[in-house]
Structures are given as C-alpha cells and as structure tokens.
Visitor: 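Below you will find the structure I want to go over with you.
A note on names: the letters A, B, ... follow the listed sequences, proteins ahead of strands, and every chain is numbered from 1.
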Amino acid sequence: MNNKTLIVMGNGPSLGDVDFDALRDFDTFGLNAAYRAYERMNWYPTYFGCFDYIVNDSHKEQFTKLIEDETNGIKKFFFLRQFVDTPRQQKIWLLPYGKHNHLPQDTADFYYFNDGGSSGANASQIGICLGYKKIILVGVDCNYVEFVEGSKQEGVKLIMGKTPEKNPNYWFDDYQQEGDEYNVPRGTDFHAPTWALLSKKAAAAGIDMVNCSTNTTLTCFRRSTLEKELGL
Amino acid sequence: MIINVVADLYSKDYAGGAELTTEAILERCPDNLKIERHYSRSLDSSLIQSKKSEKWIFGNFAGIEEQTLLEFAKSDIDYSVIEYDYKFCSHRSAILHELSSGTPCDCESKMRGKIVSAFLAKSRNIFWMSEDQKNLYHQRFPYLSKTNNHVLSSVFSDRDLSYIRELKRVTKEKNNKYIILGSSSPVKNKEGCIEFAKKNGLDYEVVSGLPYFMFLRKLASSRGLIFLPLSEDTCPRLVIEASLLGLDIKLNNLVQHQNEQWYDTEDSILEYLKSRATFFWGKINE
C-alpha cells in the first residue's frame, strides 16, 4: 500500500470510468451520498466524509449507520456533526469560508479547519493533514447542471422532489434521491476558483496534486491518468 | 425552562477570557433549558418584570445600571452571577485603582461597591474565577460568605480542549522563545515582561493580532510564556493554555489561580477543566 498517496473521489460522472477493484490497495477518500453506491458494490473507501452542513443533516441517519457498521472497513469518518461518539469519527470544525487563507497542516487543524469551499477540496486538505504528500483527484469534473430535473429550491437549499431517472451531475443516477437536501452546486463561480486556490497553496507546501478525472473542466492541476500515477 | 443570560459582550463581539468562558458554559447547556441572551446595556425594568419567573445568569455586568442591579437584589428573582473580576471597584481591580488614583481602593464603602455587593449577596449562586478572588471579596464583604459560593474557574469548550491537546501531540519541535502578550492594555505589562526577559537572558517574542487558534499554535511551538500582569488576573486562560501545552511559565503572584490544587499537572488541569461546565449547570439546576 502506498501510504503517501491519497485518492480523493469526487462524485462527478467521470468517476463511473474508474475501476474500483483496482483501488483496493490504495488509500481512498469517498464523499457525500456515494455510500449509496458502495453498499451495492460492496466496496468502501479508506476514509469517508461530508463537509456541507445541509448534506450532513439530510443524511444523518445513513451517516450514523455507516459509522456504526464496523464491518465496512472504513478507517475514519470526517463530518461536520458528531454523529457517533467514537474515535472512528472525527468532527471537523469549519472556520467561516473566506475568513482565513491558510492550508491546514496537521490533525490539530481539524478543530479550526480552513473551509476549502468544496467537498473534494476539503477531503484533499484532510489528506494533507493526515500526512499524504500526493493527492490524486478522480471524479472531480466540476461541470454541474445547477438545477437537476425534479429539484426545487427552498430558501438557500435545494430539495430533490423525486429521484431523477437521469442525473447529469453524478456517477450514478440515484445519487440524489427523493427528499435529499443539498446546496446549489455553483460549479463555475464557486467550486472552480476554490480548487484553483487550493492548487496554489498545495504546490507551495510541496504537495503533488494531480487530476486524473477523465472528464474535467478544471485546469489548475497537472493532468494524468490513474494507471500512470498508480502504476496499474 | 428558559434561562436568561446577561453579559456586556459575547464571544462573537469580543473574544476575551470572560466571553469565551461564558460561551463554553452556554455550549454545554442541558437540553431541557433554553438560553435567551441579553446585553447588559439593554436590560430594563419591563424586560425584567416580564421574565421574573424565569432563571437568570449574569456574566460581566459592568454595563448594567445600578438601579437595575438593585431591582434584582430587592426581588425574588432566581439569578446567579459569574464574577470574572472585581466589579465592586470602579477600576475593577483594587491594585489598578491604587495605581491609577494614587489612593488605596475604598470602593466597598462607596455606593457602587455597596450596590454590587448587595447584587451578589442576593444571588442564588456566585461563581468565582479563583479562591484568591473569592477571599479578597469576602475580606471586604464578609456577609458574602453566606451566599452559595463556588469557585468555577475559566471554562473551556470541548473543541478548544481537544485542539490544545492535539496541538501538544503534533508539535514535535519547539523554538527557544518565550511568548509575551503584545496587548495594548497596560495591565498586561508588556514592557515589564520584556524587561524580565532581558534581565534573565531569555529569548522572547512579543505576539499580538493573531486569531485565537493561530496564537495557540504559536504558543505550542514556543519554549515558554512570560506573564506578569500589573493587577489581579483571576484565572487567565493564556496561562492555563500554556500549561496544557507544556510551556515553561514565568508568572508573578497576581495570577490568582496558580496555587490551586487543580493547577498542578497537565492531567489534573485537563480533568478539572473538563468538569467545569457540568459543575456549573449542576448548581444552576439545584
């Protein structure tokens, strides 16, 4: 196992191109509602997390079950709420977005964590805190349809009115299901700039970040393939 | 049950020691209680009367008019007070009073002192920051010993205690510097601390303007702390944080919690601090 490399798995459609079985010997970080696919695939990442308050609250029962299921092999969970009082879960305390600009550097920063602005960016920062020197991004397409068919806006959040038959934003169609609550993705005006900022901070800290997503709008990272980077 | 909390400021306004302790206490409020926050400057008789059957907790109350303090003292309202400094004194410190005016503090015989002591005496609980602070009050106002007195000490949130412990764990290398607080407040005695460092040949760094979490990281990577306040500091968080981070600490005798039993080892400090919020709410619920 290469313990210096972490594969951060965004949930964009291109993650569907990844051979999950080939990743079993590598450290991986899964996010948000991807657990719905893990159950069907009987495949689980090394780490799992969610860094969006609305999604934390919307999925709290499922996240709690995931933590309590000690057979799934996930080593550590990272959430914004303390769902279960166990060393298997680390609560992350986010600083207000945009107020600070430092790159989290170690596990103490979990208690005053600079919000990277997106789930993938925060998972990457967690990886850096855990000591990973190389971060491989997959499924980080950053190419969202902002309002998926079936969703409706309520205040600042979106609610999925019915499970969509086709979801252009994610790697499996029922990633979002009826009743799920989430934020408007804001891929172009929010996610892309936050990734660009992280790429600069990571490079300055000597962290090698490489985007192996097969289809992505991001241009701020070195591009490559999983096969090449992992020697598959 | 509703608990009305009154303070001059809250931590979102100013992250001082009193405000952080108040916040850490409120974070641990039992589920059966509902907190309603009020600013001391906005307290008036109509608000008090509309909530006279509810419980009240006072943090720093310097902004409350004397008439309002008397209204509480004369009432049957169930209220408790966390006294962070010496509000009977017009300078909130007898030493500072003498330093500023050139005459010893005699505020216990002045109207302000009498009203504050009456307000404290009629409270259901007085929570002090240290034994020394409590004793100094009791020397001036012996009848306060008949009230329910509790030494609470500074209270830390679970988050900050965890952060400090983790900082200690992950900090592998320390530099040779002693941290001096670069506060503009004369009572923090920045110049005196610098003089002490020079006289004793200690490498030092004056630190100011950092966010709390960055200041703690700076502290964690340093050899020591020099803190020599010019007036009584009842239970300074900075000193406790430095102790938990394993620093060599240079203090004078105005740091009032330093001889208490709990302030002995990192383990005893941690164990004690973890208990304080629960202790507080236990007394409020009695």
Visitor: Could you please state which residues from residues 55-70 of chain A sit under 4.5 angstrom from chain B, measuring non-hydrogen atom to non-hydrogen atom, sorted by number, or 'none'?
Guide: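 Hits under 4.5 Å: none found.
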Visitor: Going by distance alone, is a donor N or O of one side chain under 3.5 Å from an acceptor N or O of the other, for B:Tyr14 and B:Asp8?
Guide: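 Absent: no donor and acceptor within the cut-off.
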Visitor: Could A:Arg36 and A:Tyr175 be counted as a cation-pi pair, given that NZ or CZ must be under 6.0 Å from the ring centre and within 45° of the axis?
Guide: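 Cation-pi check for A:Arg36 and A:Tyr175: fails.
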Visitor: Going by atom types only, do A:Thr216 and A:Asp141 share a side-chain donor-acceptor pair under 3.5 Å?
Guide: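 A:Asp141 and A:Thr216 do not have a side-chain donor-acceptor pair below 3.5 Å.
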Visitor: Taking only heavy atoms into account, what residues of residues 260-283 of chain B are found under 4.5 Å from chain A?
Guide: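 No residue falls under the 4.5 Å cut-off.
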Visitor: On the six-membered ring of A:Phe79, is A:Arg81 placed so that its NZ or CZ lies under 6.0 angstrom from the centre and within 45° of the ring axis?
Guide: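 No - A:Arg81 does not lie over the ring of A:Phe79 by the 6.0 Å and 45° rule.
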Visitor: In chain order, what residues pass the salt bridge (charged side-chain N to carboxylate O under 4.0 Å, His left out) check against B:Lys34, with sequence neighbours excluded?
Guide: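 With neighbours one apart ignored, the set is B:Glu36.
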Visitor: In this structure, is the centre-to-centre distance between the rings of A:His102 and B:Phe213 below 6.0 Å?
Guide: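 For B:Phe213 and A:His102, the ring centres are under 6.0 Å apart.
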Visitor: Decide whether B:Glu166 and A:Thr107 meet the rule of one side-chain donor and one side-chain acceptor closer than 3.5 Å.
Guide: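 There is such a pair (donor and acceptor under 3.5 Å, judged by atom type) between the side chains of B:Glu166 and A:Thr107.
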Visitor: After noting the C-alpha distance and the side-chain angles of A:Asp106 and B:Arg169, does the key distance pass the salt bridge (Lys or Arg N to Asp or Glu O under 4.0 Å) rule?
Guide: CA-CA 10 Å; A:Asp106 56 40; B:Arg169 197 184 70 78; over 6 Å; no
Visitor: If I measure from the heavy atoms of chain A, does B:Arg165 come under 4.5 Å with its side chain, its backbone, both, or neither?
Guide: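 B:Arg165 has no heavy atom closer than 4.5 Å to chain A.
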Visitor: Do A:Tyr132 and A:Asp27 have side-chain atoms, one donor and one acceptor, less than 3.5 Å apart?
Guide: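 Distance-only check passes for A:Tyr132 and A:Asp27.
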Visitor: Check the pair B:Ile57 / B:Ile25 against side chain to side chain contact (heavy atoms under 4.5 Å, CB included), numbers first and verdict last.
Guide: CA-CA 11 Å; B:Ile57 293 170; B:Ile25 290 169; 5.9 Å; no
Visitor: Check the pair B:Leu225 / B:Glu241 against side chain to side chain contact (heavy atoms under 4.5 Å, CB included), numbers first and verdict last.
Guide: CA-CA 10 Å; B:Leu225 169 75; B:Glu241 289 153 356; over 6 Å; no
Visitor: Between A:Gln82 and chain B, with a heavy-atom cut-off of 4.5 Å, which part of the residue counts as in contact: side chain, backbone, both or neither?
Guide: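 Contact with chain B involves no heavy atom of A:Gln82 at all.
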Visitor: Kindly state whether the ring of B:Tyr178 and the ring of B:Phe196 have centres lying under 6.0 angstrom apart.
Guide: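 Centroid distance B:Tyr178-B:Phe196: not below 6.0 Å, so no.
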Visitor: Any side-chain donor paired with an acceptor under 3.5 Å for B:Tyr163 and A:Asp109?
Guide: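 The answer is no; no qualifying pair exists.
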Visitor: Heavy atoms under 4.5 Å from chain B: which residues of residues 88-96 of chain A carry them?
Guide: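 When heavy atoms of chain B are the reference, residues 88-96 of chain A contributes A:Trp93, A:Leu95 within the under-4.5 Å range.
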Visitor: Does NZ or CZ of B:Arg223 lie under 6.0 Å from the centre of the six-membered ring of B:Tyr204, at an angle within 45° of the ring axis?
Guide: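 Cation-pi check for B:Arg223 and B:Tyr204: fails.
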